[in-house]
Protein chains: 2
Amino acid sequence: MNHEVAVPEAPAESLPRKRRQMLEAATALFIERGYGAVSMDVVARAAGVSKATLYAHFASKDALFATIIGEACRSNLVAAEFYPADVEDVAAALTAIGGRVLRFLVDPQRLAIFRVVISESVRFPELGAAFMENGPAAFRDRFVDWVATQTRAGRLNAEDPKLAAEQFMALLRSGIYLRASLSLPPAPTEAEIDATVNAAVGTFLKAFG
Amino acid sequence: MNHEVAVPEAPAESLPRKRRQMLEAATALFIERGYGAVSMDVVARAAGVSKATLYAHFASKDALFATIIGEACRSNLVAAEFYPADVEDVAAALTAIGGRVLRFLVDPQRLAIFRVVISESVRFPELGAAFMENGPAAFRDRFVDWVATQTRAGRLNAEDPKLAAEQFMALLRSGIYLRASLSLPPAPTEAEIDATVNAAVGTFLKAFG
DNA sequence: GTCTATAGGCCGATAGAC
DNA sequence: GTCTATCGGCCTATAGAC
């Protein structure tokens, strides 16, 4: 088995029909069941192609897996409009950002991706790196800038914006997130999510407000 | 495949020699490689027994896995002597507790158990429950009591001790823990661990001191 | 490029001797 | 209880026709 499989840098565009079918089927299956529980037979059947066709496009199961999960690690939490420099109420802004992030984190599909990445990161080191780079680190870098901006504007007081940003992200993961990660019912309710975000904002502002 | 496999409540004592060999070999293998990557042939060979003997003791691979990982989820972080009621310096006490917890969390073997549990929790729901109950929840319950005690003594000011305890645990997992969970080098250094604990204690005390 | 068919191996689990 | 030997199935990957 060859584990030196690169994770592609950017998503492909306007793929041929069959290739798109294979990627979509494999993405759903790998995210739902993980690496070991998905066979190339099942991927091929779900995509409506033969196994030989699958192997014509992807050199191995490893390559297919790394391609797909690496792509699935990308998030949409870094769009600039989520982090306005001028805010009237910093608590409300933090609550909005935190709510967006935590709802993203506890989304069942995102949790499934997280489970797959964390469990295969030992065998596919580039997977953990791609996840970190495109997910948590990308968000953190954007959020660090926002915290620094608010500190310069006198609305926050974070000596070390990077530390403050990491701690805010950590506070969002308190309580319900671990339970959701471990697939434990009940699923987080909207009320729980809001309460967790509000508590995180409260503690963050006592420390850095 | 039968997924309704119970996780045992207590560790067995004075096991027959071969049974102990099987349990030890299987524990190491499952923790290191996960469920899918370990075969019963390999377990039997590592334990120095035949596969038939393995199946004489454990009804299926599922049963063996649930037995072993459920047992491995137990932690030793709840011993009463770690949480003295009378403390001179609450910051120092928090730092001691936090250091113990975070060093426990980033220990390579514990991280490996966490990876296995989180990835198999979908297929083995009782595994996630056993992990939560014997690990994070057991520690949290003990720590909640300590926070409540310190609040009554006037050394902390936590209106909601459970929330405060959850947030302290979350703050400990900020920064280095996610990186370590994803198997990303470099491994956390002692200095990083201490800095993370100190930062968690600082933020916690600003909010609840 | 895409198919059918299959090679070759490892899997979980069991039969039967002792 | 423990062993050797093996079953039937599914796995990754490929050969060869079109």
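Proteins get letters first, then strands, A, B, ... in listed order; numbering begins at 1 in each.
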A.B. asks: What are the residues of residues 37-48 of chain A, sorted by number, that bring a heavy atom to within less than 4.0 Å of DNA chain D?
C.D. replies: A/Val38, A/Ser39, A/Met40, A/Asp41
A.B. asks: Would one find a side-chain N or O of A/Tyr55 under 4.0 angstrom from OP1 or OP2 of D/dA13?
C.D. replies: yes
A.B. asks: Does OP1 or OP2 of D/dC3 have a side-chain N or O of B/Ser50 closer than 4.0 Å?
C.D. replies: yes
A.B. asks: Can you name the side chain to side chain donor-acceptor pair (under 3.5 Å) partners of A/Thr196, sequence neighbours left out?
C.D. replies: none
A.B. asks: Side chain of A/Ala52 only, please: which of D/dA15, C/dA13, D/dT12 is the nearest?
C.D. replies: D/dA15
A.B. asks: Return the value, rounded to whole Å, for the distance between atom CG of A/Leu54 and atom C1' of C/dG1.
C.D. replies: 13 Å
A.B. asks: Rounded to the Å, how far apart are A/Lys61 NZ and D/dT14 P?
C.D. replies: 15 Å
A.B. asks: Can you tell whether the side chains of A/Arg103 and A/Asp194 come within less than 4.0 Å, N to carboxylate O?
C.D. replies: yes
A.B. asks: Partners of B/Glu24 by side chain to side chain donor-acceptor pair (under 3.5 Å), sequence neighbours excluded?
C.D. replies: B/Arg20
A.B. asks: Between B/Phe30 and B/Tyr35, what is the ring plane arrangement, given parallel below 30°, perpendicular above 60°, and tilted in between?
C.D. replies: parallel
A.B. asks: Starting from C1' on D/dC11, measure out to CG on A/Asp62 and report it in whole angstrom.
C.D. replies: 14 Å
A.B. asks: Determine whether the side chains of B/Ser174 and A/Gln167 contain a donor N or O and an acceptor N or O closer than 3.5 Å.
C.D. replies: no
A.B. asks: When rounded to the nearest 0.5 angstrom, what distance separates CE in A/Met40 from OG in A/Ser50?
C.D. replies: 11.0 Å
A.B. asks: Determine: side-chain N/O of A/Thr53 to OP1/OP2 of C/dC3, distance under 4.0 Å, yes or no.
C.D. replies: yes
A.B. asks: Any side-chain N or O of B/Lys51 under 4.0 Å from OP1/OP2 of D/dC7?
C.D. replies: no
A.B. asks: Roughly how many Å is it from CZ in B/Phe65 to P in C/dG12, rounded to a whole number?
C.D. replies: 13 Å
